[in-house]
Amino acid sequence: MKTIVLGAGIIGISTAWHLRERGHEVTVVDRQPDAALETSFANAAQISVSYCEPWANREAPWKALKWMFDKEAPLLFRPQLDWEQWRWCLKFLAQCNDTAFARNVQQIVALGAYSHAALKELVRVTGIEYHRLERGIAHFYTDQKSFDDAAHAVELMRRFGVQRRVVSRDELLAIEPAFRAYGDRITGGTYTSTDESGDARVFTQALARRCAERGVQFLYGHDVLRLNRSGDAIESIAIRARQESATGQKDQVLKADAVVVACGSYSAPLLRGVGVHLPIYPGKGYSATFPLLKPEGAPMVSTIDDGKKIAMSRLGNVLRVAGTIELGGYDLSLDSPVARARCHMLSRRIETILPGVCDTRTPEEGGDPQYWTGLRPATPTNIPFIGRTPLHGLWVNAGHGTLGWTHGAGSGKAMAELLSGERPAMDFAFLGDDTPAAAYGAPRLA
C-alpha cells in the first residue's frame with residue numbers, strides 16, 4: 001500500500017518506520033528541513049508511563065481560575081476570540097470528575113505500557129543512542145496536602161499495573177542525592193524504577209535516517225496546503241516547496257492509498273478543511289537546556305518538581321528543564337512578557353533546587369540558556385486520536401499532548417498495525433472503532 005505520512009515528529013517518524021517494516025511504500029512530508037524540529041525538539045525527555053495523569057481532574061477548573069493572572073502558573077488559560085478554544089474548554093470541563101479521570105488514566109496507561117515495550121524493541125533493533133537513562137522517574141512534593149493526594153494517584157496507577165510507589169523524603173534523597181541541598185523543603189515523593197529518559201530529538205532524527213536507508217521518501221521543506229476531498233474519500237494532497245527547485249516547480253499534488261495526519265497541533269485545522277472535526281488544541285510548553293557547571297552534582301534520575309510542575313532530565317552534559325502549559329492559540333513567541341516570565345521561572349527554580357549546578361545565567365549576564373517553546377497537541381481527555389476517520393483513506397495519529405515522547409513508539413506501531421488490517425494488542429479505544437468506548441473520540445463531519 002502507498003502511504004503518505006504528514007509530519008516528521010516522533011509520531012510521524014515512528015509511523016513511517018513501522019509502515020515500512022510491514023512492506024508499505026511510504027512518503028513523509030514536513031515543512032521543516034529535518035525531523036523533530038517542532039514539538040519533539042526539546043521536550044522534557046521523559047518516558048513517563050507512570051506519570052501520565054490527565055490534566056482534567058476535579059480540581060483543575062478552580063486551579064485554572066486561580067492561576068489566570070499569574071504569568072508563571074503551571075496552567076495558564078489565555079482566552080482568545082476563537083470558538084475552537086472555547087469548544088475545547090467545554091469538553092475539558094466535562095472530563096473534570098473522578099469517573100472520567102479514572103477512565104482516561106486507564107486508556108493513557110494502556111497506550112504508555114504498549115509504547116514503552118515498542119520503544120525498547122526499536123532500540124534493540126536499531127541500536128540508536130540518545131542519552132538514554134534507565135533509572136526511573138521520581139516526583140517530589142513540597143507540601144503535605146499534595147503529598148497526601150499523591151497516594152491516591154499511586155493507588156489508581158497501581159490498579160492499572162504501574163509500579164509507582166510512595167517514598168519518604170529520606171528514601172527519595174537516597175534515590176537521587178542531588179536534591180539534598182533542597183531536602184529540608186521536600187515533604188516526600190513517589191518513584192517508579194521502570195520509567196526512563198532520553199533525548200526525543202536525537203532519537204527521532206536517527207530513526208528518520210534509518211527510515212530513509214530502508215526506502216522511505218522524505219519531502220522536507222514542504223508545506224501541506226490542503227487535503228483534497230472527493231465525496232467520502234481523500235483524493236490527493238496539495239503541497240508546496242518552501243524553496244524553488246531546480247525545475248522551478250514549487251507546487252505538487254500527491255496521491256496515495258492512505259494518508260496519515262500526524263501534524264501535532266496543526267492536525268485539527270488541516271482536518272477541518274475536509275470536514276473532520278477533532279478537539280485538538282495547542283498547549284504551549286516551555287523548556288530550558290542548561291550546561292552543567294558541576295556534573296557530579298546534577299541528578300541522574302529524571303525528576304518532577306510538583307511545586308512548579310516542571311520536569312528535569314539529564315542529557316549528557318546538560319540538564320533539560322521543561323514544563324507549564326499555556327492555552328492561548330498558536331503563538332510560538334519567546335519574547336513576549338508572559339514567555340520571558342515563564343522562561344526565567346525555569347532558571348530561578350533550578351537555581352533554587354540545584355544551586356550552582358547549572359549555568360542558569362541569562363544572555364545579558366553572559367550565559368547561554370537554550371530556551372524553547374513548542375505546541376503540545378492536547379485533547380480534553382489527554383487521550384490521543386489514533387485510527388481511521390469517516391473519510392476513506394484518511395487516518396489520524398495526533399493529540400498526544402505532553403506525552404508524545406512517552407506514546408510515540410507505540411502510537412506509530414499501532415497506526416501501522418491498523419493500516420495493515422491488524423488489531424494492536426492493548427485495551428484502547430482507537431478512532432473509528434465501532435465501540436462505545438470510542439464514542440467520545442468519534443470525529444464529526446461537516
Side-chain angles (χ1 to χ4, degrees), residues 42-46 48 50-51 67 70-76 131 133 135-150 164 166-192 195-199 285-325 340-362 365 367-373 402:
N43 61 20
Q46 293 185 333
S48 52
S50 60
Y51 294 93
W67 290 334
D70 181 359
K71 292 179 182 177
E72 299 182 4
L75 173 60
L76 179 59
H131 297 298
L133 289 174
R135 300 203 178 195
I137 294 178
H139 189 153
F140 67 74
Y141 301 84
T142 53
D143 69 271
Q144 191 62 47
K145 182 183 183 305
S146 296
F147 182 45
D148 293 341
D149 290 344
R164 183 174 167 187
V166 175
V167 295
S168 67
R169 174 174 57 194
D170 290 343
E171 286 178 292
L172 187 137
L173 295 177
I175 291 167
E176 184 43 82
F179 300 117
R180 289 194 181 280
Y182 190 70
D184 60 344
R185 281 166 279 190
I186 293 176
T187 305
T190 65
Y191 176 66
T192 309
D195 284 343
E196 57 180 271
S197 59
D199 195 317
Y286 294 82
S287 78
T289 305
F290 300 115
L292 294 178
L293 298 175
K294 298 177 181 177
E296 71 281 1
M300 296 296 290
V301 176
S302 186
T303 305
I304 299 167
D305 164 21
D306 191 74
K308 290 293 185 179
K309 302 294 190 292
I310 62 173
M312 298 162 268
S313 297
R314 175 82 172 264
L315 298 173
N317 291 321
V318 301
L319 186 72
R320 171 73 50 74
V321 186
T324 79
I325 292 292
R340 287 196 296 269
R342 292 169 92 74
C343 289
H344 293 160
M345 179 274 291
L346 298 176
S347 301
R348 292 197 315 276
R349 189 63 172 176
I350 287 303
E351 199 58 48
T352 299
I353 297 171
L354 299 167
V357 172
C358 301
D359 185 355
T360 59
R361 294 175 300 162
T362 65
E365 296 168 333
D368 186 27
Q370 298 298 307
Y371 294 124
W372 171 85
T373 187
T402 57

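Annotation: side chain to side chain donor-acceptor pair (under 3.5 Å) contacts of D195 (sequence neighbours excluded): S50. The ring pair (Phe, Tyr, Trp, His ring centres under 6.0 Å) test applied to Y191 returns no partner, not counting sequence neighbours. Remark: Y51 pairs with H139 by the ring pair (Phe, Tyr, Trp, His ring centres under 6.0 Å) rule, at least two apart or across chains. Taking the side-chain contact (heavy atoms from CB on, under 4.5 Å) definition, one finds that S287 meets it with A42, R320, A322, W372, sequence neighbours left out. Under the side chain to side chain donor-acceptor pair (under 3.5 Å) criterion, D143 pairs with S146, not counting sequence neighbours. Not counting sequence neighbours, R340 has no partner by the salt bridge (charged side-chain N to carboxylate O under 4.0 Å, His left out) test. Every residue meeting the side-chain contact (heavy atoms from CB on, under 4.5 Å) condition with P355, not counting sequence neighbours, appears here in chain and number order: A181, E351. Remark: D149 pairs with E59, K145, H152 by the side-chain contact (heavy atoms from CB on, under 4.5 Å) rule, at least two apart or across chains. A search for salt bridge (charged side-chain N to carboxylate O under 4.0 Å, His left out) contacts involving R361 returns D359, not counting sequence neighbours. In this view, V357 and L292, A298, L354 satisfy the side-chain contact (heavy atoms from CB on, under 4.5 Å) rule, not counting sequence neighbours.
Among pairs with a residue in residues 173-184, those fulfilling side chain to side chain donor-acceptor pair (under 3.5 Å) read Y182-R349, at least two apart in sequence or across chains.
Checked against the 6.0 Å centroid threshold, Y371 and Y286 do not count as a close aromatic pair.
Around the CZ atom of R135, the shell of radius 6.0 Å holds no more than 12 heavy atoms that belong to other residues, nucleotides or ligands.
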May I have the list of side-chain donor-acceptor pairs in residues 308-317 shorter than 3.5 Å, sequence neighbours left out?
unit_1	atom_1	unit_2	atom_2	d
K309	NZ	D306	O	3.0
S313	OG	A44	O	2.8
S313	OG	S302	OG	2.7
R314	NE	G316	O	2.7
R314	NH1	P295	O	3.3

